[in-house]
Amino acid sequence: MARITFIQPDGSASTVEIPNGLTVMEGAIENGITGVIAQCGGSCSCSTCHCYVAPEWMGVLPPPEEEETGLIEFAWEPREESRLTCQIRVTDALDGLVLHVPAEQL
Amino acid sequence: MPTTIIAGAGHAGGQTAISLRQAGYEGRIVVCGDEPVPPYQRPPLSKKYLCGELALERVLLRPESFYATHDIELRLGSAVREFAPERRSVVLDGGESLDYTDLVIATGSRPRRLEVPGSDLGNIFYLRTLEDADAIGKELVAGRRLVVVGGGYIGLEIASTAKGLGMKVCVVEAADRILGRVTAPEMSAYYTHAHRARGVDVRLSTGIVSFEGDGMVRGVVCADETIPADVVVIGVGITPNEGLAASAGIPCDGGILVDERCAAAEHVYAVGDCTRHPNRILGRRLRLESVQNALEQARTAAANIAGTPTKYEQIPWFWSDQFDLKLQMVGMSQGYDTIVQRGSMDADDFAMFYLKEGMLIAADAVNRPREFMACRQLVPQRPSIDPVKLADESIPMKEMV
Ligand SMILES: Cc1cc2nc3c(=O)[nH]c(=O)nc-3n(C[C@H](O)[C@H](O)[C@H](O)COP(=O)(O)OP(=O)(O)OC[C@H]3O[C@@H](n4cnc5c(N)ncnc54)[C@H](O)[C@@H]3O)c2cc1C
Ligand code: FES
């Protein structure tokens, strides 16, 4: 289980508890986090689950696979800290993770 | 208080309700669906749900509690029987009638039936609903023989899933190539080869004469031979569910005819698989069977109902997961005059670009997310791109956008 905080573009934050084994995207959908759309349902085909990882968490997350990197390059305003939340699986190690939701998704 | 009634609790119906609340709509929302489950995603039904890798909760569009929290009434197991546009009221199957301010028809589509002798034998299935997937899933057992009738995306995905479960799989296609309705001959040939290389027996130009068996199906009878089968899944296309709309006098023509606002008549909207909509970028009407179409039309209708005039204007995109092959498609390739390959088919790592009169109109990408994503940005602009550049792997896709 991990408590994960989503910060919206307007600065408002919500922290939700996501069980181990789910993806961060699945947890966001369950908890109705605005801005995480997940059109393809986690198939790594749409990029609409894109978020920015708080810089201090970059080293903690397992690095993205090639199929994720490829999508991110063309996601809405990609940055160094961009990740697709459907490709991040929750473990205890992610407790406290902070993610910034982009202003738009493709 | 204004009331929106949504007929059909699938991908598009569920998303319409969600989007209405996101858009700040404060009226009553009632979603009536004839299936007993809250809105769910169908794509996993031929993929990870079918092989048991994904649980039911992960397939639901939102957890059931979401609807109560957002003041959305879910009437499950309750079909809309008819509606009267002039009185703005619907009648549910039990006879209850409800008045609406706006009605959204999101009735989806149903599998086209293959009517040949023996088609009512046991263990012959179609795949559309969760119930179908559960029934098929039970029969997908290692060592047994599955025959898939129809080489479309859904059939090929089922074949790949069943192969992964250790079954003997045969795909029977009546036309001379699989995916004939949706892609170029080069892609059909590639997928035929890919399935064969992974152990699927693909038979082309093979029509079904009948099914034989002893209560349960035992064989698929074709012109030249009978293919032994323990399980058959038929995937030969879909028919839009337009009956509800048509019987209320709403114009239909292979889909409920909507305008770019997703409106079918005054205070009546239609979204998803059941519609035929005008696409300004392509200059013609389309009927699509895709999640993108269901979700984006839902968002458009919701915005219009909530008071923000919005048009649906998108280039279609779609994905299909088979074996280790991630296919992602954008645009409509029909009418192309030039096809360009980038990357290697042998390595299962390539994209095909389709050009018409020098303009890029569509792309199919296999394990090539960059090509797919770049084309999602490029294709709506109909750019003129040098085919030589497209094929040149030393030029990154980023530079073409
Ligand atoms: C196995 C499978 C795999 C797929 N894979 C992909 C994929 O990889 N990518 C992709 O983009 N798309 C895929 N699709 C297509 C995609 O799932 C559909 O385009 C999408 O579900 C359409 O949503 P919809 O809401 O219009 O229809 P549906 O999801 O079918 O929902 C319509 C609902 O309305 C109900 N209904 C009908 N009539 C009435 C009535 N009178 N009253 C009440 N309820 C009614 C139906 O029972 C159904 O529950 C797949 C489809 C299937 C079946
Ligand atoms: S949900 Fe589509 S890429 Fe993550």
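Hydrogens, waters and symmetry mates play no part in the numbers below; they use all other heavy atoms, side chains included. Throughout, a chain's letter reflects where its sequence line sits, starting with A, and its residues are numbered from 1.
Of all residues in residues 391-401 of chain B, those placing a non-hydrogen atom less than 4.5 angstrom from a non-hydrogen atom of chain A are B/M397, B/K398, B/V401. Along residues 31-40 of chain A, the residues that come nearer than 4.5 angstrom to chain B, judged on non-hydrogen atoms, are A/G32, A/I37, A/Q39, A/C40 in order of number. Contacts from residues 95-106 of chain A to chain B, taken as heavy-atom pairs separated by less than 4.5 Å, involve A/L106 in sequence order. When the heavy atoms of residues 7-27 of chain A are compared with those of chain B, the residues falling under 4.5 Å are A/L22, A/E26, listed by number.
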B/Q377 and A/F74: CA distance, side-chain angles, deciding distance, side-chain contact (heavy atoms from CB on, under 4.5 Å) verdict: CA-CA 8 Å; B/Q377 295 179 22; A/F74 294 88; 3.8 Å; yes
Salt bridge (Lys or Arg N to Asp or Glu O under 4.0 Å) evaluation trace for A/E30 with B/R58: CA-CA 9 Å; A/E30 284 236 353; B/R58 303 272 73 79; 2.4 Å; yes
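Looking at B/P63, the atoms closer than 4.5 Å to chain A (heavy atoms on both sides) all sit in the side chain, from C-beta outward. In this structure, chain B has heavy atoms under 4.5 Å from both the backbone and the side chain of A/T69. Neither the backbone nor the side chain of B/R368 has a heavy atom closer than 4.5 Å to any heavy atom of chain A. Of the two parts of B/R21, neither the backbone nor the side chain holds a non-hydrogen atom closer than 4.5 Å to a non-hydrogen atom of chain A. Heavy atoms of B/E296 lying under 4.5 Å from chain A belong exclusively to its side chain. Residue B/F372 touches chain A through its side chain alone, counting heavy-atom pairs closer than 4.5 Å. Heavy atoms closer than 4.5 Å to chain A are found in the side chain of B/Q328, but not in its backbone.
The structure places CD1 of A/I29 at 12.0 Å from CG of B/L60, a figure rounded to the nearest 0.5 Å.
Looking only at distances, a side-chain donor or acceptor of B/K326 sits under 3.5 Å from a matching main-chain atom of A/S43.
Within a 6.0 Å radius of CD in B/E313, more than 12 heavy atoms belonging to other residues, nucleotides or ligands are found. Counting non-hydrogen atoms of neighbouring residues, nucleotides and ligands closer than 6.0 angstrom, the CD atom of B/E26 reaches no more than 12 such neighbours.
In terms of heavy-atom pairs under 4.5 angstrom with chain B, the leader among A/G42, A/G41, A/C46, A/A75 is A/C46. For chain A, the option among B/R370, B/E57, B/H11, B/Q22 with the highest count of heavy-atom pairs below 4.5 Å is B/R370.
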